[in-house]
Participant: 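Dropping a structure here in structure tokens format, bear with me for questions.
In this text the structure is predicted, and so the values were computed from the model without any measurement. So you know, we letter chains A, B, ... as the sequences are listed, proteins then strands, and number each from 1.
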Protein chains: 2
Amino acid sequence: MSNDRPAISEDALTDGTAVPTRAAGKRSYGRVTLKDIALDLDISLATVARAFQKDTIISEETRQLVLRRAEQLGYRANVFARSLATRKTRIVGVIMSSVNSPIYSEVLAKLSERIHRIDMSLMLIPGSYAQDFDASLQTLMAYSPDAILVFSGLLSEAAIEQAKHAGVPLIYFNRVSRDPDAYGVGCDNEAGAALVADLLIDSGHERLAFLSSGNDATTNIERMTGFVERTRMRGLPAPKIIPATGFSYEDGLNAALAAREQLPAIDSLFCASDLLALGFADEARRRFGLRIPEELSIVGCQNIALASWSSHDLTTLCLPIERMVDETLAMLSSLSQGQIVEPRVVRVPSTGITERGTTARKK
Amino acid sequence: MSNDRPAISEDALTDGTAVPTRAAGKRSYGRVTLKDIALDLDISLATVARAFQKDTIISEETRQLVLRRAEQLGYRANVFARSLATRKTRIVGVIMSSVNSPIYSEVLAKLSERIHRIDMSLMLIPGSYAQDFDASLQTLMAYSPDAILVFSGLLSEAAIEQAKHAGVPLIYFNRVSRDPDAYGVGCDNEAGAALVADLLIDSGHERLAFLSSGNDATTNIERMTGFVERTRMRGLPAPKIIPATGFSYEDGLNAALAAREQLPAIDSLFCASDLLALGFADEARRRFGLRIPEELSIVGCQNIALASWSSHDLTTLCLPIERMVDETLAMLSSLSQGQIVEPRVVRVPSTGITERGTTARKK
DNA sequence: TCAAAAAAAGAGAGCGCTCTCATTGACAAT
DNA sequence: ATTGTCAATGAGAGCGCTCTCTTTTTTTGA
């Protein structure tokens, strides 16, 4: 099955003599190298190299000559050789636990596009479960990325230490690290959550509740805190906290099931994520025939694309993704140029609530 | 909140004198190299290198010695140096136009995880729009990936040529390339679509229609063909083809709007994707008060997670993602080992239809 | 007119790894 | 004692690039 492939080796025969297009390179990557160009133009390798670099001393004439010839020969720089020599990789490592989640995939899409615009490359690592996670980081670290973007809370202390030791900056997206050296881009979850409390109270709700992701994700905690604080500040009893087991749709489903008895006691629910809200709403409607927003107002958080669908029509607190990505990129490019970045943690202000059909106006 | 962690930095003090842990390396990546280990153990670099390779002649004793010391020193192989020397990268390039789409992000999640399991790395390239696309491929090609997975139909002829010339195999996922040398993993769309026709006809529908993505995506064409053929075979008039402008939710929305007059003439609609189906259904319900499935049965395609939500409850033709990913990985690992892979195009059989609430049984 | 400065080009040493080839013993075969 | 074999190790040449240091060429100023 594997020892008959005649056609290919034939062109080895025609290779001997006058084939200018295929320059030297005996058993290279099969690609044209700087050396090939140098040989071809009969100038030194160093000069050829200079033609491709900025801020270097070379006559414009020679540069153009080299560039033109390189183009003709189809030269492509070998990033491995370059990285080996420069110790800069222009690689951004991305550790993402749930690519398969609307909000993450949205961010990833934007991010990957922007990263390529600044001529860097994105290496994606699944941060699925803790045990594999450290191994994943090892793999990533082997590439000495210029920076690592962390979208997963599961980073172990050891892993953090390791990255730090190797001098790879960690940028936390939408989460806060205990690590004081880490960089981070987040948003003002507390202020946003306070807005939600205001909206609910202003529109006549009196018995607020918060659907918590139930884990110690900083986003969850901040949203809860902001929501509870503001409610208290407005003179209402503290919101009831309904626990879930994560941020997903299924978690919302299960939370609704478990929260049946508590439903009559509340008139509005702020959820730690849109999916959670959607899952809760779907299940409450299906199982208990709950009418939303008449019996319960629901507010999500993130404003994923789904939330705007007429089948969901979810009122939600927007996550300022656009600006967060902007800030992340700014950090990334500064960092990759070796510049000092201050402050290390940026908080983008909340962009407010998009009111849709899951919240009632009772007055 | 963040500037009190005394314990860790202390060991910096003990660093001055007899710390064999920090070997040579003057201005390297900041990492331990094979040479450092060699110097430390006073053996040759070559032997140290051998300890890390398989199928190499070295005494077990020495190997263990090296591995232990390497572990202690925190050695991590430098993939750039290795790739430069071996011309193998263990990098898989992924060209994906819409990461931000349920089906793609689902595949990406599975794929990234599996790729890391076989100790390869995933480099993600957004394939958004044609003009940027070739530049993106350039970036990718600079890394000489062991293979490139293509999830986007937008590959230009020039790009294909380039990859071929550089000897990088292209694997098309869920699409067929005109390129005879390309690898591919797909599924039996025609057979699947035929199943849908059967289901609809068997349950009493008589005026079928197909919501086409409207572009020349091979998946769309195959689904349409299979659906039309089978309908004809069953003796019914050819399905009406309703055009959309892509595979997205918004495309479905717009299609519904435009198709209003045609609605009375059909009793069932097979859509080229789930999102298309969802968008069509949402808009038809909202704008025309269309009752699904009473007035119109709708069948999607792919079975994305959303389809199972009670708010959508979409009957759909499943895309056998799991097996497709399996096959892709099999190819990938064979290819990365330089093995010959035959056949080049694998078609996974369809896994059938999941019947839910958007299809009526009329008899 | 000629030295000094500036511009341009060349030489060559790495970067950290792999891989071929050469060298060294140990031990069995002659 | 001599040769051959084989396991184990060492030496060293790349891989394709960058970057420092020289050397060569051109420009400039008194």
Participant: Please determine, for the side chain of A:Y75, which listed nucleotide (D:dG10, C:dT18, D:dC17) has the closest atom?
Facilitator: D:dC17

Participant: Measure from the side chain of B:A81, starting at C-beta and using heavy atoms only, and say which of D:dG16, D:dA11, C:dG16 lies closest.
Facilitator: C:dG16

Participant: Hey, can you pull the donor-acceptor pairs under 3.5 Å for the side chains in residues 42-57 of chain A, sequence neighbours left out?
Facilitator:
from  : atom 1 : to    : atom 2 : distance (Å)
A:S44 : OG     : A:A46 : N      : 3.4
A:S44 : OG     : A:T47 : N      : 3.2
A:S44 : OG     : A:T47 : OG1    : 3.1

Participant: Going by side-chain contact (heavy atoms from CB on, under 4.5 Å), name the residues that satisfy it together with B:A330, two or more places apart in sequence or in a different chain.
Facilitator: none

Participant: Apply salt bridge (Lys or Arg N to Asp or Glu O under 4.0 Å) to B:D179 and list each qualifying residue two or more places apart in sequence or on a separate chain.
Facilitator: B:K164

Participant: Can you measure A:L84 atom CG to C:dC15 atom C1' for me and round it to whole angstrom units?
Facilitator: 4 Å

Participant: From NZ of A:K88 over to P of C:dC15, roughly how many Å is that when rounded to an integer?
Facilitator: 17 Å

Participant: What N/O pairs connect the protein and nucleotides 21-25 of chain C at under 3.5 Å? Give each pair on its own line.
Facilitator:
none

Participant: Below 4.0 angstrom, which residues in residues 54-63 of chain B have at least one non-hydrogen atom near DNA chain D?
Facilitator: B:I57, B:I58, B:S59, B:T62

Participant: Would you classify A:I43 as touching base, sugar-phosphate or nothing, given that sugar-phosphate means primed atoms plus P, OP1 and OP2, and contacts are heavy atoms under 4.0 Å?
Facilitator: sugar-phosphate

Participant: Which part of the nucleic acid does B:F52 contact within heavy-atom distance under 4.0 Å: base, sugar-phosphate only, or nothing?
Facilitator: nothing

Participant: Measuring to OP1 and OP2 of D:dG10, would you say a side-chain N or O of B:S44 lies under 4.0 angstrom away?
Facilitator: yes

Participant: Residues two or more places apart in sequence or in another chain: which of them pass side-chain hydrogen bond (donor to acceptor under 3.5 Å, both in side chains) with A:S98?
Facilitator: none

Participant: Going by an N to O cut-off under 4.0 Å, is there a salt bridge joining B:D146 and B:K88?
Facilitator: no

Participant: Identify which one of B:V94, B:I95, B:L140 satisfies the side chain to side chain contact (heavy atoms under 4.5 Å, CB included) criterion when paired with B:L124.
Facilitator: B:V94

Participant: From the set C:dT18, D:dG10, D:dC19, return the single nucleotide nearest to any side-chain atom of B:T47.
Facilitator: D:dG10

Participant: Test: side-chain hydrogen bond (donor to acceptor under 3.5 Å, both in side chains). Region: residues 328-338 of chain A. Which pairs qualify, not counting sequence neighbours?
Facilitator: A:Q337-A:Q339

Participant: What pairs with A:R76 under side-chain hydrogen bond (donor to acceptor under 3.5 Å, both in side chains), at least two apart in sequence or on another chain?
Facilitator: B:Q138

Participant: Report the residues that fulfil side-chain hydrogen bond (donor to acceptor under 3.5 Å, both in side chains) with A:R114, sequence neighbours left out, ordered by chain and then residue number.
Facilitator: A:D326

Participant: A:L65 CG to C:dA8 P: how many Å, rounded?
Facilitator: 15 Å

Participant: Rounded to whole angstroms, how far apart are CG on A:L45 and C1' on D:dC15?
Facilitator: 13 Å

Participant: Rounded off to whole Å, could you give me the CD-to-P distance for the A:Q53 and D:dT20 pair?
Facilitator: 10 Å

Participant: Among C:dC15, C:dC17, D:dA11, find the nucleotide with the atom closest to the side chain of B:R82.
Facilitator: C:dC17

Participant: Determine the interplanar angle of the A:F80 and B:F80 rings, folded into 0 to 90°, and report it as parallel if under 30°, tilted if 30 to 60°, perpendicular if over 60°.
Facilitator: tilted

Participant: In chain order, what residues pass the side-chain contact (heavy atoms from CB on, under 4.5 Å) check against B:E60, with sequence neighbours excluded?
Facilitator: B:R63, B:Q64

Participant: How many whole angstroms separate atom CZ of A:R90 from atom C1' of D:dC17?
Facilitator: 16 Å

Participant: With sequence neighbours left out, write down each residue that passes side-chain contact (heavy atoms from CB on, under 4.5 Å) with A:L335, or none if nothing qualifies.
Facilitator: A:P169, A:I171, A:Y183, A:V341

Participant: How bent is the helix from C:dT1-D:dA30 to C:dT30-D:dA1, measuring the angle between the end axes built from five pairs each, rounded to 10°?
Facilitator: 60°

Participant: Expressed as a whole number of angstroms, how long is the span from A:N78:CG to D:dC17:P?
Facilitator: 6 Å

Participant: Using the side-chain heavy atoms of A:L34, tell me which of these nucleotides is nearest: D:dA11, D:dC17, C:dC15.
Facilitator: D:dC17

